[in-house]
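A short worksheet on the structure shown next.
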Amino acid sequence: MITLFENAQCYVSERETAVLHILTDTASGTIINISDVPLENHDADEIIDVKGKLLIPGLVDLHVHLREPGGEKKETIKTGTLAAARGGFTTVAAMPNTRPVPDTVDNFTMIYSKMKEEGHVRVLPYAAITERQAGRDLTDMEKLASLNAFAFTDDGVGVQEAGTMFEAMTKAASLGKAVVAHCEDNSLLYGGAVHEGSFSKKASLPGILSVTESVHIARDILLAEATGCHYHVCHVSTKESVRVIRDAKKAGIHVTAEVTPHHLILSENDIPGDDANFKMNPPLRSEEDRQALVAGLLDGTIDFIATDHAPHTDEEKKLSMIEAPFGIVGLEIAYPLLYTELVKKQRLISEKQLIDWLTIKPAKAFNLPYGKVKEGGVADFTVIDRELTSEVNPNSFFSKGKNTPFTGKSLESWPIMTVYGGRVIWHEEKKEVMT
């Protein structure tokens, strides 16, 4: 089917927007034509008037947890990708901490097939670095790469042995694949639940040292230099980590990094008390760390933003911060949250910078053909209503996870339509995801 999206406000430079008219083909999932004048001679089967609202590339999130198989009480591929569609995301990459783990040909094939069958958006599958994510024996990375593994990671646990990581990076480099790392030295954890800082002392909770993260990053960066591997750091949270990554980039080492919305917006000062909706890994750090993360994003040390969408059940998150699992959800509120806090209120970044960090920047870091609105490219885009203000209501989430520290927060500039492969998959006015 041919669809014409008329009167869309689109960025045509870093600062300027223009009204464009976009013709798409759902059969090929591509954009046929983009014009700055109304298209009169077209063969569109359907015309959708965007009414001058902002149209941006479909958002790209390279760090989500869909939980299935094994964690269906928390999330499923269906509910997680429904949440993604509602949040304006058309491409997500699913972490491998499922049960079973995608660590063998059979497990990977089963999980990837389910992603393609039940995903409402494009799901890129990570494969595990080690068998069962146990940090010991490497998976058959060559076979998993041949099955379209997006990259290799043991996210959720750090690879503890330097030799194991060296061997993994050596193999990944030979395959042209990235190693993506959750950086955490277990010998420095000491049973921590929150950041080792002012809040942990006030609440008498065991703290997680900043060096737990940064020392692992420093080790891995040197291994990446030795092997020539593309090394990507998940959810950077400390000023020391930013400094190490900045120095590595200056040295020409192929390292990229991401930061989450919650680490850009919140610090330990925002934790109200023993509330597990403020418990995530890495934890909310100091205000100085938060500012370093914003600075790292602005100067290019940190490449893009990823949600680390981590759903849990209500029962789990009602436990104390000592007992509850780490993680919060983020797919459905990421864009309006970042826009409201960093663009509108604090004026730290521009709207175009925010869009780039959620679209073209993650795509570029991993050489993906997404994150752009261009003729011949994929017809993935999101329509944003800059005038729409709404409060965060977890009870309305499509995600099974309701665990967010932003409940009741008033946010502006929400996604109201998501188009994937030229087909509308989410429409705010209809309050539904199209299947």
Side-chain angles (χ1 to χ4, degrees), residues 63 65 97 135 154-162 165 181-222 233-248 257-297 301-302 305-308 310 312 316-328 330 341 403-406:
H63 190 149
H65 298 270
N97 55 339
D154 274 4
D155 183 65
V157 288
V159 175
Q160 299 303 302
E161 295 293 332
M165 185 59 101
H182 171 108
C183 294
E184 192 170 49
D185 187 320
N186 290 353
S187 69
L188 294 168
L189 277 178
Y190 305 118
V194 295
H195 173 62
E196 175 67 28
S198 59
F199 177 78
S200 67
K201 292 178 176 63
K202 181 176 68 175
S204 298
L205 290 170
I208 300 173
L209 298 165
S210 293
V211 74
T212 302
E213 172 182 295
S214 56
V215 73
H216 234 212
I217 295 174
R219 180 203 75 174
D220 286 354
I221 280 171
L222 293 174
V233 186
C234 292
H235 43 49
V236 177
S237 72
T238 78
K239 61 183 183 297
E240 295 87 359
S241 300
V242 174
R243 185 178 71 232
V244 170
I245 295 165
R246 183 179 289 122
D247 289 346
E258 70 190 42
V259 64
T260 71
H262 43 280
H263 287 111
L264 289 170
I265 292 167
L266 299 175
S267 74
E268 63 177 343
N269 299 339
D270 297 297
I271 305 174
D274 192 2
D275 182 348
N277 284 319
F278 286 81
K279 182 182 180 181
M280 63 282 292
N281 192 10
L284 296 176
R285 302 287 188 182
S286 70
E287 177 60 18
E288 189 178 3
D289 289 311
R290 188 194 70 80
Q291 292 178 16
L293 296 174
V294 174
L297 193 60
T301 300
I302 298 173
I305 300 171
T307 68
D308 191 10
H312 293 287
E316 288 173 313
K317 279 298 189 175
K318 286 177 182 176
L319 298 171
S320 71
M321 292 186 88
I322 291 287
E323 300 172 301
F326 293 100
I328 64 171
E341 292 298 318
N403 45 304
T404 174
F406 299 107

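Along the sequence shown, the residues carry numbers beginning at 1. The model shown is predicted, which means the values in this text are computed figures rather than measured ones.
Annotation: Gln291, atom CD; neighbour count of heavy atoms from other residues, nucleotides and ligands within 6.0 Å is above 12.
Proximity of Pro405 to Ile328: side-chain heavy atoms (C-beta onward) are separated by under 4.5 Å at one or more points.
In this structure, CG in Asp220 is found 6.0 Å from NE2 in His216, a value given to the nearest 0.5 Å. To the nearest 0.5 angstrom, Lys318 atom NZ is 15.5 Å from His312 atom NE2.
Judged by distance alone, with hydrogens and angles left aside, the side-chain atoms of Asp247 form no donor-acceptor pair with the main-chain N or O of Val244 at under 3.5 Å. Gln160 places no side-chain N or O within 3.5 Å of a backbone atom of Gly135 that could act as its donor or acceptor partner. The backbone N or O of Ala310 sits less than 3.5 Å from a side-chain atom of Asn403, completing a donor-acceptor pair. Checked by atom type and distance alone, the side chain of His263 pairs as donor or acceptor with a backbone atom of Pro283 at under 3.5 Å. The main-chain N or O of Val194 is never found under 3.5 Å from a side-chain atom of Ser200 such that the two would form a donor-acceptor pair. No side-chain donor-acceptor contact under 3.5 Å links Lys317 to the backbone of Asn277. The backbone N or O of Gly156 lies less than 3.5 Å from no partner atom in the side chain of Asn97, so there is not a single donor-acceptor pair.
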| said: If you apply the rule side chain to side chain donor-acceptor pair (under 3.5 Å), what do you find for His262 with Asp308, and how did you get there? | reply: CA-CA 10 Å; His262 43 280; Asp308 191 10; 5.1 Å; no

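Test Arg285, His182, Glu240, Glu184 against Glu213 for side-chain contact (heavy atoms from CB on, under 4.5 Å) and you get one pass: Arg285.
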